[in-house]
Amino acid sequence: QVQLVESGGGLVQAGGSLRLSCAASGRTFSSYDMGWFRQAPGKEREFVAAISWSGSSTYYADSVKDQFTISRDNAKNAVYLQMNSLKPEDTAVYFCAADRFLATKRNGLRVAYWGKGTLVTVSS
């Protein structure tokens with residue numbers, strides 16, 4: 001079992017930055033790919049970024065490439081999402097996710113574990 005708790009969301013002006021954190025419990029954290037999805041109001045949940053269990057590979061949605069950076073610290077059982085140059089369209093609830101094959105589940109289906117989400121609001 002893996003439990004995920006997100007933090008770091010909030011209100012930020014356009015052009016600003018936020019760093020989301022996801023704290024994971026469970027002894028097998030380092031064996032899971034980790035990632036972030038987001039769901040904007042009235043829209044479906046979408047893939048944002050993922051990182052392999054070792055941290056050696058990262059994957060991004062085209063919409064956030066060169067804007068967001070995902071990282072992990074297996075010693076701390078944590079994964080992070082550094083978000084820069086935020087835009088109003090980045091407003092969404094951001095969910096942390098864990099799965100042994102997350103990079104292949106960008107549609108969000110059958111992902112093993114989800115956090116409850118943290119709200120990011122970007123004002124114009």
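Keep in mind the model is a prediction, meaning the values are calculated, not measured.
No donor-acceptor distance shorter than 3.5 angstrom exists from the side chain of T121 to the backbone of L11, with no hydrogens or angles considered. Listed for the D73 side chain is no donor-acceptor partner under 3.5 Å among the backbone atoms of A78. In this structure a side-chain-to-backbone donor-acceptor pair under 3.5 Å is missing from K105 to D99. The closest donor-acceptor contact from the side chain of N74 to the backbone of G55 lies at 3.5 Å or more, if one exists at all.
Minimum heavy-atom separation, Y60 to T58: CE1-OG1, 3.6 Å. The two atoms that bring T91 and V122 nearest to each other are OG1-N, 2.9 Å, heavy atoms only. Shown here for Y59 and A103, the closest heavy-atom pair between the two residues is CE1-CB, 3.6 Å. Nearest heavy-atom pair across G9 and L20 is N-CD2, 3.6 Å.
The hydrophobic cluster containing L4 does not contain F47, counting ILVMFWY residues as joined when their side-chain heavy atoms lie under 4.5 angstrom apart, directly or transitively. No continuous path of hydrophobic side-chain contacts links V48 to V93 [ILVMFWY only; heavy atoms under 4.5 Å].
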_Walk me through whether Q39 and Y94 qualify under side chain to side chain contact (heavy atoms under 4.5 Å, CB included)._
CA-CA 7 Å; Q39 187 167 18; Y94 284 72; over 6 Å; no
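Remark: R100 is positioned above the aromatic ring of Y32, its terminal NZ or CZ atom under 6.0 angstrom from the ring centre and at most 45 degrees off the axis. Taking the ring centre of Y80 as origin, the terminal cationic atom of R72 falls outside the region bounded by 6.0 Å and 45° from the ring axis.
Comment: K116 does not engage E6 in a salt bridge, judged by the lack of any side-chain N to carboxylate O separation of less than 4.0 angstrom. Using a cut-off of 4.0 Å between Lys/Arg side-chain N and Asp/Glu carboxylate O, D90 and K87 are scored as not salt-bridged.
In the model, S17 has a side-chain atom that pairs as donor or acceptor with a side-chain atom of N84 under 3.5 Å.
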